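Beneath this line is the structure, given in structure tokens, with notes to follow.
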Amino acid sequence: MVEESPYRFRIDRRDPMRVPGVIFASRSLLPDAGADRSLDQVANVATLPGIVDASYAMPDVHWGYGFPIGGVAATDIEAGGVVSPGGVGFDISCGVRLLTADLDRDELRPRLDAVMDGLSEATPRGMGKGAVWHLTGRDELDAVLRGGSRYAVERGFGVERDLHRCEDYGAVDDADPAQVSERAIERGARQVGSLGSGNHFLEVQAVEQVYDEPVAEAFGLRPGQVCVMIHCGSRGLGHQICTDHVRAMEKVMGRHGIHVPDRQLACAPVSSHEGRAYLGAMAAAANYARANRQLLAHAAGQIFERQTGRRLDLVYDISHNLAKIEDHAVDGGTRRLCVHRKGATRALPPGHPDLPEELRAAGQPVLIPGSMGTGSYVLTGVAGAPAWASTCHGAGRVQSRKQAVVAGRGADPRAQLEAQDIAVRGASRRGLAEEMPAAYKDISAVVEAAEGAGLCRKVARLVPLGVVKG
DNA sequence: ATGTCC
């Protein structure tokens, strides 16, 4: 491992790697090789057919299925580049949505308990059970898989303006519900509009600090302002799609002449039947995840209006588990790439044509959920950044769930949060123990490294007032 | 992350 510059380390190319590995991190954030094999995974990803420039890792990198979480890899489609479900992850289009209320934290204080009770009741969560929507059948689920947040807005769960504040205007093109298995459909039908569990949450937050006033203003953020952050994904549907397509690709990799150092890197050329099938199913799951966040946000907005008389306005909705077909400058030309971001967030710079007009001068809002009780960040993209306009996605685990439970034995996680004046709703003791800050890297150090590496810029820091968990 | 093993 070579320290190329502050916040940038290189794993030199060696056979069978096709490109080097590049890790954006401070020395203290680098994974401990004894406890976490994610740097081996960075090197493994570098062997994938068609990979361009480098196998990248963000400062929150940690061990994942095949690819590391916090990994970014782009493949050149016309040069036989592959797509790999493990490069997206099981929770397809897992992401974050941030909303603001025209309300100061001091104004909310007397209503906070009532707001939290309302949010708790309005937010289906936990393993398996409950959802905002009860779909009538396959036709309606297909509409969700094709239309994402756009379909939810069409059905009255939100307003047209929301779509301008969603990545891809609320839906990915080229979703192909025919590539979604019956089992995935069955799992998904019961869960449209549900939070899930684990590190997924809905938080009421306040803007604690603003680092860039003009950009914060463009995003609609001011000091002391009340916000709602929702972190969730595609539930059982995305999980089943990942499982199905990994299995399908494992069977045909040899036929495509592809050999990988880890079975979990199962992949197929983007232009192959299996590659296109996965991308069609992945896009469907992405739309499901976006509709999911749209429904939960709408439900939260109704609670806010009832309890405070103020509505919630969408700042942005962005995924951190997705592969996207994007055009990028490579060696002086433009190439069509399949950019895998797994536990990594797209960060479009100011002026990017994919941004809505009102955000174009400021850049894309990049939403970074912190570990429970520690605060979250809003960042933005910077021009000329490396790693295909990507940055970190969160704190990143340093302890497994099991380790976190063992390490926290004797402590009362709920009491710890309440001692920090954070209201807690509906979380199991074990669920809380698994998500305690000690199980994660320091979010501020992660963001510091991401900014230091030139991947993004800080805009604001948010702190939790109340949390709803599964 | 996940009907934490079909």
Side-chain angles (χ1 to χ4, degrees), chain A residues 36 38 41 60-71 84-97 124-131 134-135 141 180-202 230-248 250 264 281-282 284-286 288-290 292-293 296 318-323 340-345 369 371-372 392-406 427-436 439-440 468-470:
Chain A
D36 176 313
S38 59
Q41 295 187 313
D60 48 338
V61 63
H62 59 112
W63 186 87
Y65 180 88
F67 284 56
I69 295 164
S84 175
V88 171
F90 278 86
D91 194 1
I92 296 166
S93 205
C94 179
V96 181
R97 168 175 286 233
R125 59 191 182 277
M127 286 290 278
K129 52 196 170 201
H134 304 282
L135 299 185
L141 187 55
V180 179
S181 68
E182 273 310 315
R183 183 182 288 184
I185 294 286
E186 276 169 33
R187 292 178 69 172
R190 302 179 295 237
Q191 298 180 320
V192 196
S194 67
L195 197 58
S197 59
N199 70 353
H200 289 161
F201 64 75
L202 182 151
I230 298 171
H231 176 208
C232 66
S234 51
R235 310 287 279 107
L237 179 120
H239 193 278
Q240 190 62 48
I241 286 172
C242 183
T243 303
D244 292 341
H245 287 262
V246 163
R247 210 167 284 163
E250 274 176 347
Q264 296 184 353
M282 182 208 72
Y288 182 97
R290 284 110 188 268
N292 196 19
R293 290 192 287 273
L296 292 173
I318 183 76
S319 304
H320 48 230
N321 281 0
L322 205 63
H340 302 72
R341 295 187 183 88
K342 178 188 192 180
T345 315
S371 58
M372 201 172 52
C392 57
H393 86 303
R397 272 193 177 276
V398 287
Q399 291 175 345
S400 69
R401 293 176 194 287
K402 203 171 182 180
Q403 283 172 329
V405 171
V406 172
S428 68
R429 187 195 168 94
R430 188 186 170 88
L432 288 179
E434 288 175 350
E435 296 301 321
M436 287 311 277
Y440 285 86
V468 177
K469 282 190 80 71

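Order of the sequence lines fixes the chain letters, A, B, ..., with proteins taken first and strands second; residue numbering starts at 1 for each chain. On a predicted model such as this, the values are computed, not experimentally measured, just so you know.
- Considering only side-chain N and O atoms, A/R401 lies nowhere under 4.0 angstrom from the phosphate OP1 or OP2 of B/dT4.
- Here the side chain of A/Q41 pairs a donor or acceptor atom with the backbone of A/G64 at under 3.5 angstrom.
- Nucleotide B/dT2 holds its P atom 18 Å from the CD atom of A/E186, rounded to whole Å.
- Between A/H393 and A/H62, the ring planes lie parallel to each other; the angle is under 30°, not in the 30° to 60° tilted range.
- Rounded to whole angstrom, the span from the CD1 atom of A/I69 across to the P atom of B/dT2 amounts to 13 Å.
- Atom CD in A/Q240 sits roughly 8 Å away from atom P in B/dC6 (whole-Å rounding).
- Annotation: of the two residues near DNA chain B, A/R397 and A/R247, the 5′-most nearest-nucleotide partner is A/R397.
- Panel note: side chain A/S234, backbone A/L237; no donor-acceptor pair is recorded below 3.5 Å.
- Here the C1' atom of nucleotide B/dT4 and the NZ atom of A/K402 are 11 Å apart, to the nearest Å.
- If you check every strand for non-hydrogen atoms under 4.0 Å, A/G236 touches sugar and phosphate atoms only.
- Atom CZ in A/F90 sits roughly 13 Å away from atom C1' in B/dC5 (whole-Å rounding).
- For the pair A/D244 CG and B/dT2 C1', the interatomic distance rounds to 13 Å; values are reported in whole Å.
- Of the side-chain N and O atoms in A/Q191, one or more sit less than 4.0 angstrom from OP1 or OP2 of B/dG3.
- Residue contacts for A/S197: at a heavy-atom cut-off of 4.0 Å it reaches the sugar-phosphate backbone alone, with no base atom in range.
- No side-chain donor from either of A/R397 and A/S371 sits under 3.5 Å from a side-chain acceptor of the other.
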Intermediate values then yes/no, salt bridge (charged side-chain N to carboxylate O under 4.0 Å, His left out), A/E435 and A/R401: CA-CA 8 Å; A/E435 296 301 321; A/R401 293 176 194 287; 2.9 Å; yes
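- Nucleic acid contact for A/R187: base, since at least one base atom lies under 4.0 Å from a heavy atom of the residue.
- As rounded to whole Å, 13 Å separates atom P of B/dG3 from atom CG of A/L195.
- Here A/R235 reaches the OP1 or OP2 of B/dG3: one of its side-chain N or O atoms lies under 4.0 Å away.
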